[in-house]
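So the structure is just underneath, and the comments pick up after that.
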Amino acid sequence: MAFQVKLPDGSSRKYQEPIAIMDIAQEISRGLAKNAIAAQWNGKAVDLETKIEEDGDLKILTFDDEKGKDIFRHSSSHLMAEAVQNLYPGVKFGIGPAIQDGFYYDFDSDHVFTPEDLIAIEKEMARLAAEKSTYQRSVVSRKEALEHFEKIGEIYKVEIIRDLPEDAEISLYRQGNFTDLCAGPHVPSTDRIKAFKLMSIAGAYWRGNEKNKMLQRIYGVSFPKKAQLDEYLLMLEEAKKRDHRKLGQELGLFAMMEEGPGFPFFLPKGMILRNALENYWRNLHEAWGYQEIKTPIILNRSLWEQSGHWDHYQENMYFTKIDDMDYAVKPMNCPGAILVYKHDLHSYRDLPIRVGELGLVHRHEKSGVLHGLMRVRCFTQDDAHIFMLPSQIKDEIKGVIRLIDEVYSLFGFSYHLELSTRPEKAMGSDEIWETATSALREALEEEGLSFKVNEGDGAFYGPKIDFHLRDCLGRTWQCGTIQLDFQMPEKFDIHYIGEDGNRHRPVMIHRVAFGSIERFIGILIEHFAGAFPTWLAPVQVRLMGISDKHLPYLEGIEQEMKLAGIRVELDRRNEKIGYKIREGQTMKIPYCLVAGDKEMEGNTLSLRRFGQGDLGAKPVEEIIAMVLEEIELKK
RNA sequence: GCCGCAGUAGCUCAGUAGGUAGAGCGCAUCCUUGGUAAGGAUGAGGUCAGCGGUUCAAUCCCGCUCUGUGGCUCCA
């Protein structure tokens, strides 16, 4: 009967009688028992009240563990559901999982929830938490479960049960008067959930399908301690200050106008930033063996029919007529690039051919998805198409992965990778897909990169690797992408002359590094919170005098800096130095340089570097050299 | 596209139990020439998103449209 429980620290405990996990936690330390949320028993998440009666590995989960956080949040969603059930009888329940940072629950209710309701629900949650109800698990048969939920009209739960696999164990969890279909586990009792806040209400389709009914989703966050909630809310507030839409307005970078929803306007300062990025892009791609082209925005119908876009992408395209003929505004650059390839005859000796284009594309995105610069209806892809021999695939993919990594590393971005495989509706044979997918997979593995696989999420013409970056609120946006394409070369019947003198089909890669200049700028703004590195800063240096009499001195320096290629502004306003400094700081200008009598005398400038404060007087030439060094870095 | 919320001066926002509006910043003019995050005075600025309806009267109430916003779905 004796059995042994191994703990993560390598120690183990021996027991003669079955024992509840909670009691083991209690034995280890009272603190641990107090913080325990649930446990992992032989790798499986279980409740603390689970009794152990055989050898195995045990880990007590707390809020410090990712899994522990999930369980805590999931229990919170049950608590919220109970509160909603009490306050709004007749509400039907969808699902209520834990998510990144919090939880939600979907409700089907005739009552439309308002922000005031959220406060009432929070109050009810607090009351229920104080009741210290335990979360009790029970295992029932499929029949019992169906009968129970059918009886109380929980149609969504019934649907879920019907879709569970035949052999699935069906468990219910009950706390207070609320019983939910749930695999668990949960925290031991409701009073564990000490701090929570309901954040927002949103519509969400049942089971994520837009053909289904839209339910009302309430989002919340929860923590074991009030201080953690406060810290989270503060962090959120800070994050919102980095929002690129807010900073874009404050720093005068770009604007959205009612006259063109989803079509961003770049203001002079934003254009400087954009051009700096594009210059960097051009130099980088030249170094990596790319040639640059520019193809038209409007091309005729037959091209789009040939590419398949006319049939497969029409709802996202804009159209126009010229001389009574149909034309489309390009949603992608590839057909243009292929026409460029076809324009000349190519030898196998010329491959790979890498053709880049900063291509402006227009796509009709649904109105509800537009989001600042992150999701727009016209954007510039830093596109490139690589035409190559089948034998060059893996090396080319590796090259692109390295190039994109070089770009993201320059800005200090961390990213995650996703490999998307064959979708249901795909063109081409399974064999081609297999070859293409494994080429991508092997390239990733040989580069030593970890990635997530998205089964069935590839483009209709080929599998892809996506690079995802985070915004200030942790939402991820796809930026870079590498897509293999065996279809377009077929459709456009492109070829190269092989060693044997015959025509052969090249393989094609579509790839972007920034993704879109617009989205990338959005990410950049949030990443740097508007305080760009000097080489990107719209204004690199602002000169300011203590009084008007120092203006002539500064004009000379302004001229000198301009000639040196520095983006410099002279603040000529009749204001005190504190006022000018303040504005220089709020505009996050890297170098604010002040001149007064002292500086004029010594041919110096007093330097204030953004983020470092007043650094004192330095010779003008020294400062110019400093600035130039930062600029040259990426020119 | 769908569900919720919002739209007042260039910007950030207040406001009216329905009687055509106010602050701060910014801008202009004047005073001030001041050493590192806001010196002072005066002034200009609004079809209260648009269109309809109710009303003696609508920025306010109702409807529709547009735009933004948080999500869902969809995608760089």
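Basis for what follows: all heavy atoms, side chains included, without hydrogens, waters or symmetry-related copies. Letters go in sequence order (proteins before strands), and every chain restarts at 1.
If you check residues 543-551 of chain A against RNA chain B, the residues with a heavy atom closer than 4.0 Å are A:Ile546, A:Ser547, A:Asp548, listed by number. Contacts between residues 93-111 of chain A and RNA chain B, counted as heavy-atom distances below 4.0 Å, involve no residue at all.
At a cut-off of 3.5 Å, with distance as the only test, no side-chain donor of A:Thr604 or A:Glu599 sits close to an acceptor on the other residue.
Close placement of the A:Phe319 and A:Trp310 rings is indicated, their centers lying within 6.0 Å of each other. In this structure, A:Phe411 has its ring center closer than 6.0 angstrom to the ring center of A:Phe413. A:Phe107 has its ring centre no less than 6.0 Å from the ring centre of A:Tyr88.
Of all the heavy atoms in A:Pro335 and A:Leu303, the pair that sits closest is CB-CD2, 3.7 Å. Nearest approach of A:Trp304 to A:Ala328, heavy atoms of both residues: CD1-CB, 3.5 Å.
One can place NZ of A:Lys588 at 16 Å from P of B:A37, the figure rounded to the nearest angstrom. Residue A:Phe610 contributes atom CZ, which lies 11 Å from atom C1' of B:A37 at whole-angstrom precision. The distance from atom CD1 of A:Ile218 to atom P of B:G70 is 19 Å, rounded to the nearest whole Å. B:G39 atom P lies 6 Å from atom NZ of A:Lys576, rounded to whole Å. The distance between atom CD of A:Gln216 and atom C1' of B:G70, rounded to the nearest whole Å, is 14 Å. Distance, A:Leu554 CG to B:G35 C1': 13 Å, rounded to whole Å. The separation between A:Asp571 atom CG and B:A37 atom P is 15 Å, rounded to whole Å.
Using cut-offs of 30° and 60° for the angle between ring planes, the A:His362 and A:Phe263 rings count as tilted. Ring-plane geometry between A:His244 and A:Phe254 is classed as parallel, the angle between the planes falling under 30 degrees on a 0 to 90 degree scale with a further cut at 60. Ring pair A:Phe514/A:Tyr280 is tilted by interplanar angle, where 30° to 60° counts as tilted.
Looking only at distances, a side-chain donor or acceptor of A:Glu122 sits under 3.5 Å from a matching main-chain atom of A:Leu198.
In this structure, B:G45 is classed as syn because its glycosidic torsion stays within 90° of zero.
The side chain to side chain contact (heavy atoms under 4.5 Å, CB included) search around A:His364 returns A:Tyr318, A:Arg377, not counting sequence neighbours. For A:Lys69, the salt bridge (charged side-chain N to carboxylate O under 4.0 Å, His left out) criterion is met by A:Glu66, not counting sequence neighbours. Applying the salt bridge (charged side-chain N to carboxylate O under 4.0 Å, His left out) rule to A:Glu518 yields the partners A:Arg274; only residues at least two apart in sequence or on another chain are considered. Applying the salt bridge (charged side-chain N to carboxylate O under 4.0 Å, His left out) test to A:Lys246 and every residue at least two apart in sequence or in another chain returns A:Glu250. Residues forming a side chain to side chain contact (heavy atoms under 4.5 Å, CB included) with A:Val221 (at least two apart in sequence, or on another chain): A:Lys197, A:Met199, A:Phe223, A:Leu229, A:Tyr232.
If you check every strand for non-hydrogen atoms under 4.0 Å, A:Lys580 touches nothing.
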For every nucleotide of nucleotides 5-14 of chain B, 5' to 3': is a protein heavy atom under 4.0 Å from its base (B), only from its sugar-phosphate (S), or from neither (-)?
------S---
In B/S/- notation, 5' to 3', how is nucleotides 23-31 of chain B contacted by protein heavy atoms closer than 4.0 Å?
---SS----
Reading nucleotides 71-76 of chain B 5' to 3', which nucleotides get B (base under 4.0 Å from a protein heavy atom), which S (sugar-phosphate only), which -?
BBBBBB
Residues A:Thr534, A:Arg609; criterion side chain to side chain contact (heavy atoms under 4.5 Å, CB included); working and verdict:
CA-CA 10 Å; A:Thr534 306; A:Arg609 185 76 178 81; 3.4 Å; yes
Start with the C-alpha distance between A:Glu159 and A:Lys92, add both sets of side-chain angles, then the distance that settles salt bridge (Lys or Arg N to Asp or Glu O under 4.0 Å), and finish with yes or no.
CA-CA 12 Å; A:Glu159 193 179 323; A:Lys92 292 188 182 64; over 6 Å; no
Dump the pairs, protein N or O against N or O of nucleotides 41-44 of chain B, anything under 3.5 Å, distances to one decimal.
none

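Ion pairing between A:Arg582 and A:Glu575 fails under the 4.0 Å rule for side-chain N and carboxylate O.
The ring-ring contact (aromatic ring centres under 6.0 Å, His included) test with A:Phe93 singles out one residue from A:Tyr156, A:Trp206, A:Tyr104, A:Tyr105, and that residue is A:Tyr105. No option in A:His371, A:His527, A:His468 other than A:His371 meets the ring-ring contact (aromatic ring centres under 6.0 Å, His included) test with A:Trp477.
Between A:Gln585 and A:Gly260, the residue whose closest nucleotide on RNA chain B is further toward the 5' end is A:Gln585.
A:Arg511 is listed as a side-chain neighbour of A:Leu403, based on a closest heavy-atom distance under 4.5 Å.
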Show me the dot-bracket string of RNA chain B, counting Watson-Crick or G-U pairs under 3.5 Å, with | for pairs to another strand and [ ] for crossing ones.
(((((((..((((.....[..)))).(((((.......))))).....(((((..]....))))))))))))....
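Taking the P atoms as reference points, B:U67 lies 23 Å from B:C61, given to the whole Å.
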